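The structure presented is a predicted model; accordingly, all values stated were derived computationally and were not measured.
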Amino acid sequence: MARSEGILASIVEAIGETPLVELSRLTRGLDGRILAKLEYLNPGFSKKDRIARQIIEDAEAQGALRPGQTVVELTSGNTGTGLAIVCGVKGYPFVAVMSRGNSPERARMMSALGAEVVLVDQLPESRSGQVSGGDLELVEREAQRIVKERNAFRADQFRLEGNARAHYLHTAQEIIRQTNGDFDAFCDFVGSGGSFAGCAAAFKEHNPGIQCFVVEPASAAVLAGKPVTQASHRIQGGGYSMPQLPLLRREHMDGCIQVSDEEAMRMARRLAKEEGIFAGFSSGANVAAALRLLETTRKTVVVLLNDSGLKYLSTDLWE
């Protein structure tokens, strides 16, 4: 039976083409605009659905992923959710390896989507809800062990170009089309660095005058060359105190902006109450950074709202 034009072949086809919304209430009285791309409206409620699809489809095209082969990746929960969706639809068993420091909603969602979830204990000095670079190293070791044990394909978001390619080919092009290319700056909270790398590359190709800023936790701003004062911070999904991120290109970085835990949380709450946008910690960090850019000569700033606030209901983000 022929499929109607408006019917998608699977949920994978619903990834991307997210709306771009002006945050006009948060910027009331200011001389400038913030345009927010609602990435939490992807099927897995985050921007990471994009990279999950790209990494798996690149691996299929390159012959690096065999039919029915197990896929493994470390995750703070969002990439794992995207991979659980894509692998489930395509028929690949998926193992998500995650720190116990991440919110339990993420593990439960991945499990519901068919993933095998392996939780890794944090370092003794770490706090739940605050995943450090050291905690991530423990997760990395476990992921490597499972890959070897099961002869699995590693969907390595920190190293595979599919991460940045997803945002270069799709996210950035959507933004350029939605804005007619008319914006001054882009700022992005960095975890693996893929969304910043892909978007910044595309924006610089379109208009070298668009300035692109990395957003980091104030206590772990290693890309800005600052000392780490507190590796365990509240902004889940990034800020891992990793000075060398393989996907980042320094020539595309026009600067770094530091945001405190309190600023990120306060802005996420304002997004919910004033704009009706229910997003997470890192989205709050991006908007806080964008507001700071509006204090300069930048008049239109684009940000990604990375994931849904539903993923943090067990945390004190929501009072």
Side-chain angles (χ1 to χ4, degrees), residues 5-28 30 32-54 78-79 81-82 85-86 109 163-189 194-196 198-200 202-203 206-207 210 212-213 215 237 264 267-291 293-294 298-312:
E5 185 178 343
I7 298 176
L8 302 178
S10 77
I11 194 65
V12 173
E13 303 300 319
I15 295 171
E17 293 297 340
T18 54
L20 190 70
V21 173
E22 181 172 356
L23 304 181
S24 56
R25 279 143 290 277
L26 287 180
T27 58
R28 189 179 290 119
L30 300 177
R33 309 165 75 202
I34 297 175
L35 305 179
K37 191 136 173 77
L38 306 189
E39 289 297 286
Y40 69 89
L41 294 181
N42 279 299
F45 307 133
S46 92
K47 67 180 180 181
K48 296 290 192 171
D49 291 3
R50 295 179 183 267
I51 76 167
R53 179 181 185 180
Q54 194 73 51
N78 285 334
T79 301
T81 298
I85 291 169
V86 174
M109 184 174 181
N163 182 346
R165 270 168 46 80
H167 297 291
Y168 175 84
L169 294 173
H170 303 291
T171 317
Q173 306 307 326
E174 291 169 26
I175 291 169
I176 290 168
R177 186 178 71 250
Q178 289 165 323
T179 60
N180 292 318
D182 186 15
F183 60 100
D184 306 299
F186 168 70
C187 58
D188 194 36
F189 184 75
S195 57
F196 179 88
C199 287
F203 295 157
H206 174 75
N207 176 2
I210 295 173
C212 299
F213 296 85
V215 181
M267 196 54 60
R269 291 167 184 162
R270 286 190 65 192
L271 273 169
K273 292 175 181 176
E274 298 176 39
E275 298 283 356
I277 292 173
F278 197 51
F281 287 93
S282 63
S283 300
N286 280 346
V287 175
L291 283 170
L293 286 175
L294 291 188
R298 289 92 183 179
K299 298 304 181 187
T300 302
V301 182
V302 170
V303 298
L304 307 181
L305 300 190
N306 300 317
D307 66 0
S308 171
L310 291 170
K311 300 194 177 194
Y312 305 98

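At least one side-chain heavy atom of Glu13 sits under 4.5 Å from a side-chain heavy atom of Arg53. You'll find the side chain of Asp188 reaches within 4.5 Å of the side chain of Asn286, heavy atoms only. Proximity of Leu169 to Gln54: side-chain heavy atoms (C-beta onward) are separated by under 4.5 Å at one or more points. Residues Lys311 and Thr81 are in side-chain contact: their nearest non-hydrogen atoms beyond the backbone lie under 4.5 Å apart. In this structure, the side chains of Asp182 and Thr300 stay at 4.5 Å or more apart for every pair of heavy atoms.
Heavy-atom minimum distance, Ala202 versus Ala172: CB-CB, 3.4 Å. Contact detail for Lys47 and His167: the closest heavy-atom pair is O-CE1, 4.2 Å. Annotation for Phe203 and Ile210: closest pair O-CD1, 3.9 Å, computed over non-hydrogen atoms. Closest approach of Asn163 and Ser195 over heavy atoms only: OD1-N, 4.2 Å. Taking all atoms of both residues into account, the shortest heavy-atom contact from Ser282 to Phe189 is CB-CD2, 3.6 Å. Looking at every heavy atom in both residues, Gln178 comes nearest to Thr18 through NE2-O, 2.9 Å.
The backbone N or O of Arg33 sits nowhere less than 3.5 Å from a side-chain atom of Glu22 that would complete a donor-acceptor pair. Looking at Ser283, its side chain does come within 3.5 Å of a backbone N or O of Asn306 through a donor-acceptor pair. Using a distance-only test at 3.5 Å, with no hydrogens or angles considered, a donor-acceptor pair links the side chain of Asp49 to the main chain of Gly44. Side chain of Asn42 to main chain of Glu39: a donor-acceptor pair is present (N/O by atom type, distance under 3.5 Å, no hydrogens or angles).
Annotation: the span from Ile176 atom CD1 to Thr171 atom OG1 amounts to 11.0 Å, rounded to 0.5 Å. For the atom pair CG of Leu291 and CG of Leu26, the computed distance is 6.5 Å after rounding to the nearest 0.5 Å. Interatomic distance, Arg28 CZ to Glu274 CD, rounded to the nearest 0.5 Å: 7.5 Å. Going from atom CD of Gln173 over to atom SG of Cys199 covers 9.0 Å, rounded to the nearest 0.5 Å. Cys187 contributes atom SG, which lies 9.0 Å from atom CG of Leu304 (distance to the nearest 0.5 angstrom). Rounding to the nearest 0.5 Å gives a distance of 8.5 Å between CD1 of Ile34 and CG of Leu293.
Evaluation of the side chain to side chain contact (heavy atoms under 4.5 Å, CB included) rule for Ile11 yields Ala14, Pro43, Ile85, Val89 as partners, not counting sequence neighbours. Residues passing the salt bridge (charged side-chain N to carboxylate O under 4.0 Å, His left out) test with Lys37 are Glu174, sequence neighbours excluded.
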Evaluate Tyr40 against Ile277 for side chain to side chain contact (heavy atoms under 4.5 Å, CB included), listing each step before the verdict. CA-CA 10 Å; Tyr40 69 89; Ile277 292 173; 3.6 Å; yes
Under the criterion side chain to side chain contact (heavy atoms under 4.5 Å, CB included), I'd like the reasoning laid out for Ile175 against Phe183: C-alpha separation, chi angles, the key distance, then a yes or no. CA-CA 10 Å; Ile175 291 169; Phe183 60 100; 4.0 Å; yes
